[in-house]
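Here the structure comes first, spelled out in C-alpha cells, and everything after it is commentary.
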Amino acid sequence: AAVVVGAMVIAPLVGPALSASVGTVLDEQSMFRRGVRLQILGVVLAILTAAVFAGAVRSIPLFPPGRDITRIAEISGRISPDFLSLVIALGAGVAGVFSLSSGVSAALVGVMIAAALIPPAAAAGVSIAWGEPFAAIGSTVLVLVNLLAINLSALVTLRYLGYQPKNWLQREHSRSATVKRAVVLLALIALLSVFLGGITLASVQDARFERSVRTATDDTLSRP
C-alpha cells in the first residue's frame, strides 16, 4: 500500500488528463492531441511496466508459489469494479479542474486522479503476468472508465467555469468541439458501464445470498 501511495503522489497523469480538456475548451488542438496521446502512452506504460515487473517477481521467484493473486487486497478491489469507481473518477476530474482555477497544488489533486488510474493499471499488469485474463480485463475496463470519466468531468467543469477562447470564431468552434467530445466520452462511458453494471448486480446478489445464508444459519443454531 505504501508503494501505491508513493506512485499516486508522483501523479504522472494529472497534466495530460487536464491538458486535453483545456485544449478542447480553449480550441488549442495541439494541446488536446498531446494530452490524449500522453494519457494513452501513460496508461500503456503503467500496465506494461507492472506486467514486466510482476513477471520478474514471479520468475525469480520472490512471491510465494501457488498463492492466488486475485485475493490480494490491493488487486481484488480493482478486478471487479462497480459504479462507485465511476463516481470517484468523476470527482477526480472536477477536483483537478478546480485545482487549476484556484491555484491549489496540482500534486495534491494529482493524488486523487492517480488513485483512480495507477492502482487498476498496476492490477492489470500483475494479472497479465500471472495469466489471469478475466482479472486483467476487469482492471483494464476500470482504467478506461476512470480515464474517460476524468476527461468528461474536467471538460464539463471547465465549460461551467466559463473557460473559452477570446476570439469569437474560436469560441464557436470550441463550443461545438466540446459538445461533440463530451457526447463521445459519455457514449464510451455508457458502453463500458454495462460491464460495471453487471459486476455491481452480481455483487448485490452475492451480498443478498450471503446475508440469507447467514440468517438461516443463525436461526438454525439458535433453535433449542
Side-chain angles (χ1 to χ4, degrees), residues 7-49 81 83-121 140-196:
M8 292 189 301
V9 171
I10 297 173
L13 292 175
V14 60
L18 298 180
S19 63
S21 298
V22 172
T24 297
V25 298
L26 296 183
D27 196 31
E28 295 286 346
Q29 296 304 312
S30 60
M31 182 186 296
F32 166 75
R33 288 191 293 268
R34 186 171 185 272
V36 172
R37 185 172 65 252
L38 289 178
Q39 286 182 83
I40 296 173
L41 178 62
V43 169
V44 171
L45 282 177
I47 294 176
L48 289 179
T49 302
F83 281 117
L84 291 177
S85 305
L86 180 59
V87 175
I88 293 174
L90 290 171
V94 174
V97 169
F98 275 108
S99 74
L100 287 178
S101 60
S102 61
V104 176
S105 172
L108 295 177
V109 182
V111 172
M112 186 172 184
I113 292 179
L117 298 177
I118 299 300
T140 301
V141 168
L142 178 58
V143 174
L144 294 177
V145 169
N146 286 350
L147 192 63
L148 293 171
I150 289 171
N151 281 268
L152 176 62
S153 58
L155 192 61
V156 172
T157 305
L158 283 170
R159 291 298 302 183
Y160 173 78
L161 292 176
Y163 283 79
Q164 59 182 353
K166 294 181 179 180
N167 184 276
W168 180 82
L169 290 176
Q170 284 186 312
R171 283 202 301 269
E172 291 298 317
H173 186 269
S174 169
R175 188 178 296 109
S176 175
T178 299
V179 172
K180 290 179 181 178
R181 289 167 188 170
V183 170
V184 171
L185 289 170
L186 192 59
L188 291 174
I189 292 173
L191 180 63
L192 293 174
S193 292
V194 174
F195 182 84
L196 299 183

**OP:** Measure across Pro165 and Val25 and return the closest heavy-atom pair with its distance rounded to 0.1 Å.
**Re:** CD-O, 3.1 Å
**OP:** Determine whether more than 12 heavy atoms belonging to other residues, nucleotides or ligands lie under 6.0 Å from atom CZ of Arg34.
**Re:** no
**OP:** First locate atom CZ of Arg171, then atom NZ of Lys166, and finally report the distance between them rounded to the nearest 0.5 Å.
**Re:** 11.0 Å
Original post:
Does anything in residues 14-28 pair up under side-chain hydrogen bond (donor to acceptor under 3.5 Å, both in side chains), and if so which pairs, sequence neighbours excluded?
Top reply: Thr24-Arg181, Asp27-Gln29, Asp27-His173
Subject >> Atom pair CG/CG of Leu41 and Leu48 - distance to nearest 0.5 Å >> reply: 9.5 Å
**OP:** To the nearest 0.5 angstrom, please state how far the CG atom of Leu192 sits from the CD1 atom of Ile189.
**Re:** 8.5 Å
Original post:
Counting N and O atoms only, with roles assigned by atom type, does the side chain of Thr178 sit under 3.5 Å from a partner on the main chain of Ser174, one being a donor and the other an acceptor?
Top reply: yes
**OP:** Can you measure from OG1 (Thr140) to CD1 (Ile47) and round to the nearest 0.5 angstrom?
**Re:** 4.5 Å
**OP:** Calculate, to the nearest 0.5 Å, the distance between atoms CG and CD1 belonging to Leu45 and Ile40 respectively.
**Re:** 12.0 Å
Subject >> Taking every non-hydrogen atom, the tightest pair across Gln39 and Pro16 >> reply: NE2-O, 3.3 Å
Original post:
Is Leu26 close to Met31 at the side-chain level, that is, under 4.5 Å between some pair of heavy atoms?
Top reply: no
**OP:** Over all heavy atoms of both residues, which pair between Asn146 and Pro120 is shortest? Give the atoms and the distance, please.
**Re:** ND2-CG, 4.4 Å
**OP:** Nearest 0.5 Å please: distance from the CG atom of Leu18 over to the CG atom of Asn151.
**Re:** 8.5 Å
